[in-house]
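Throughout, protein chains are lettered first and strands after them, A, B, ... in sequence-line order, and every chain is numbered starting at 1. Computed from heavy atoms alone, side chains included, the values below leave out hydrogens, waters and symmetry copies.
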There are 2 protein chains.
Amino acid sequence: MTCETPATGGSARDRFERMHDEIRTRICLLDYAPGTRLSEEALAAELGTSRTPLRRVLARLESEGLLQSVHGVGTFVTDVDLRELVQTFRVRLELAELIGRLDPVAPSAALLAEFRVLQARSKTLRDDPDPRRFAQINMDFFIALMRLTANQPLREMSERLYFRTTRIWLKSIFASLIDLKDEVEVFDREIDDILRAVELGDLQAAALIRRAHISMSFERMRKAAAGVTGAAVTP
Amino acid sequence: MTCETPATGGSARDRFERMHDEIRTRICLLDYAPGTRLSEEALAAELGTSRTPLRRVLARLESEGLLQSVHGVGTFVTDVDLRELVQTFRVRLELAELIGRLDPVAPSAALLAEFRVLQARSKTLRDDPDPRRFAQINMDFFIALMRLTANQPLREMSERLYFRTTRIWLKSIFASLIDLKDEVEVFDREIDDILRAVELGDLQAAALIRRAHISMSFERMRKAAAGVTGAAVTP
DNA sequence: TGATGATTCGTTGTGCACAACTTGTCGGGG
DNA sequence: CCCCGACAAGTTGTGCACAACGAATCATCA
């Protein structure tokens, strides 16, 4: 089933990173929904390794707030409560703006090409909306945006917060709290607008547009969730 | 020799945190200077545990940028090059200001008392300047400041960046690049000023003062280092 | 004498067996 | 019928032995 040479090859560090990214993607794409219990033994077997190196990966994901291990019980995918979500988004907004102000770098031709590919992928998404593909493209777009700053610590912090909260947004889509087609439409415009600013070399403008979209995205999510929890309280 | 019950007691998580904080403190106080090799076996023995749980701690410290493990060679305390230092301080400045703007909380009586104790400790430092004690008080003051915001992610990011760079500042003091007595004097004034703002309930002002001091502290350090590297280039 | 290759040593990474711990179940007693 | 305690199953945490790897050393040869 899995195709991307999950097990052998490369140094120990490479194997660690591969496993880490793989599991993180599964969590962020809701293949492992919040509350899911992960079997160390089964996962280790699937990834073609033993518990020891896998536990290293799980510990890292726990420090990133995506997992939580409890002795004698299991390791579970975390959920994000509203309070934490609000706090995280507040910081994400500020960091998004900093991307344009702190150590911005003119994008290489390769990066520009990548942006255009993402733009094209976004267009195909409009014809055939799919939550999972949407989330994947969204993630790739985020990673591309990070390459607009040379400030490594800023990148790190931004990524940390992004990966911690993005699955909640995806969850809202799966739960039909927010409309998939609308979000796809908005996202497509976001790429267009940001790409225009990037091509102009105005990274600060690009960052401001990004900040605005994160803010609005969160606001839509918050309003939808408030409508639900306000109407139906524990069925 | 070690007195603070390093080994047994509490849950696995508690033991992890104790070991983590202990080693982190040693690194930040330059008990383990950059470049030092840490022996897993010796450290495990000293902390009264085995390599397995210790390696968990070391992996965490590596993800925090304080250590680096190389297969077949050893685990070493990292150094911070100028580029990384500059980038980190740029972000630290912004985060310091955010402490006063994002989810500020009125300090409890206990926290205020703690600030006053720190103020007193700072005064004693003026009479008997000692780099290590200075660094310790500075660290405690930083941790107290973090408690002025309820925004957990913001705290986390700020701490991460603080612990990654503070030892470079201490290194400059030990190397007499910057004058200990001057720094103590400046720090004492910083506490006074910030405490005044905090007692007034103006956390935003406190954060701005803090930001200014971080900025100036870095500037003094940068200038001193530039003077040295400009004069004596690799003997 | 200098260079080169095998070797030895010490270190980190991995796999496995067992200990520590929690949860759910089953039996007995009030 | 309910409650409580012991037990069993399953999970994460720990310790240990060995494999994988890198660097320094020493012997050998040109």
Side-chain angles (χ1 to χ4, degrees), chain A residues 5-24 26-27 32-79, chain B residues 5-24 26-27 32-79:
Chain A
T5 64
T8 61
S11 68
R13 187 157 311 184
D14 293 337
R15 286 195 299 271
F16 174 89
E17 199 176 331
R18 262 206 308 274
M19 287 197 284
H20 173 268
D21 290 359
E22 173 64 27
I23 299 177
R24 186 179 63 180
R26 291 185 190 182
I27 293 174
Y32 298 146
T36 306
R37 188 177 71 75
L38 267 52
S39 166
E40 293 188 352
E41 202 136 359
L43 248 184
E46 186 199 341
L47 297 177
T49 180
S50 82
R51 277 184 61 208
T52 308
L54 174 63
R55 278 175 62 73
R56 236 180 130 92
V57 174
L58 298 183
R60 173 72 143 264
L61 289 167
E62 181 168 8
S63 87
E64 292 169 352
L66 299 182
L67 291 181
Q68 183 170 17
S69 291
V70 185
H71 188 181
V73 182
T75 76
F76 300 89
V77 178
T78 58
D79 205 345
Chain B
T5 65
T8 61
S11 67
R13 185 156 310 183
D14 294 337
R15 287 195 298 270
F16 174 90
E17 200 177 329
R18 261 204 310 271
M19 286 196 285
H20 174 269
D21 290 359
E22 173 64 27
I23 300 177
R24 187 178 63 181
R26 291 186 189 181
I27 294 174
Y32 298 145
T36 305
R37 189 177 70 75
L38 267 50
S39 167
E40 293 188 352
E41 203 135 0
L43 248 183
E46 186 200 339
L47 298 178
T49 180
S50 82
R51 277 184 62 211
T52 308
L54 174 65
R55 277 175 62 73
R56 234 179 132 92
V57 174
L58 298 182
R60 172 73 142 264
L61 289 167
E62 181 169 10
S63 87
E64 292 170 351
L66 300 181
L67 291 180
Q68 183 169 19
S69 291
V70 185
H71 189 180
V73 182
T75 76
F76 301 90
V77 178
T78 59
D79 205 345

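Per the geometry, CD belonging to B:Glu40 stands 15 Å off C1' belonging to D:dT14, to the nearest Å. Rounded to whole Å, atom P of C:dT14 lies 11 Å from atom CZ of A:Arg13. Atom CG in B:Leu38 sits about 9 Å away from atom P in C:dT12, given to the nearest Å. Rounded to a whole Å, the CE atom of A:Met19 is 12 Å from the P atom of C:dG13. Per the geometry, CG belonging to B:Leu43 stands 10 Å off P belonging to C:dT12, to the nearest Å. The NE2 atom of A:His71 sits 12 Å away from the P atom of C:dT23 (whole-angstrom rounding). If you measure from atom CG of B:Leu67 to atom P of C:dT12, you get 11 Å, rounded to the nearest angstrom.
Here C:dG15 is the nucleotide among D:dT14, C:dT12, C:dG15 with the atom lying nearest to any side-chain atom of A:Thr52. With C:dG15, D:dT14, D:dA23 as the candidates, the nucleotide lying closest to the side chain of B:Val73 is D:dA23. You'll find that the side chain of A:Arg37 is closest to D:dT11, out of D:dT11, D:dG13, C:dT23.
Look at B:Thr49 and you'll find a side-chain N or O under 4.0 angstrom from OP1 or OP2 of D:dG15. Within the structure, a side-chain polar atom (N or O) of A:Arg15 is placed less than 4.0 Å from OP1 or OP2 of C:dT14. Considering only side-chain N and O atoms, B:Ser50 lies under 4.0 angstrom from the phosphate OP1 or OP2 of D:dG15.
Residues B:Arg51 and A:Gly72 each lie close to DNA chain D; by heavy-atom proximity, the contact nearer the 5' end of the strand is made by A:Gly72.
Taking 4.0 Å as the cut-off between side-chain N and carboxylate O, B:Glu40 and B:Arg56 do not count as a salt-bridged pair. Salt bridge status for A:Arg13 with B:Glu62: present, with a side-chain N to carboxylate O gap under 4.0 Å. Classification of A:Glu41 and A:Arg51 as a salt-bridged pair fails, no side-chain N sitting under 4.0 Å from a carboxylate O.
Under the salt bridge (Lys or Arg N to Asp or Glu O under 4.0 Å) criterion, the residue pairs touching residues 63-73 of chain B are B:Arg60-B:Glu64, with sequence neighbours excluded.
Atoms CZ and CZ, on B:Arg37 and B:Phe76 in that order, are 6.5 Å from each other to the nearest 0.5 Å.
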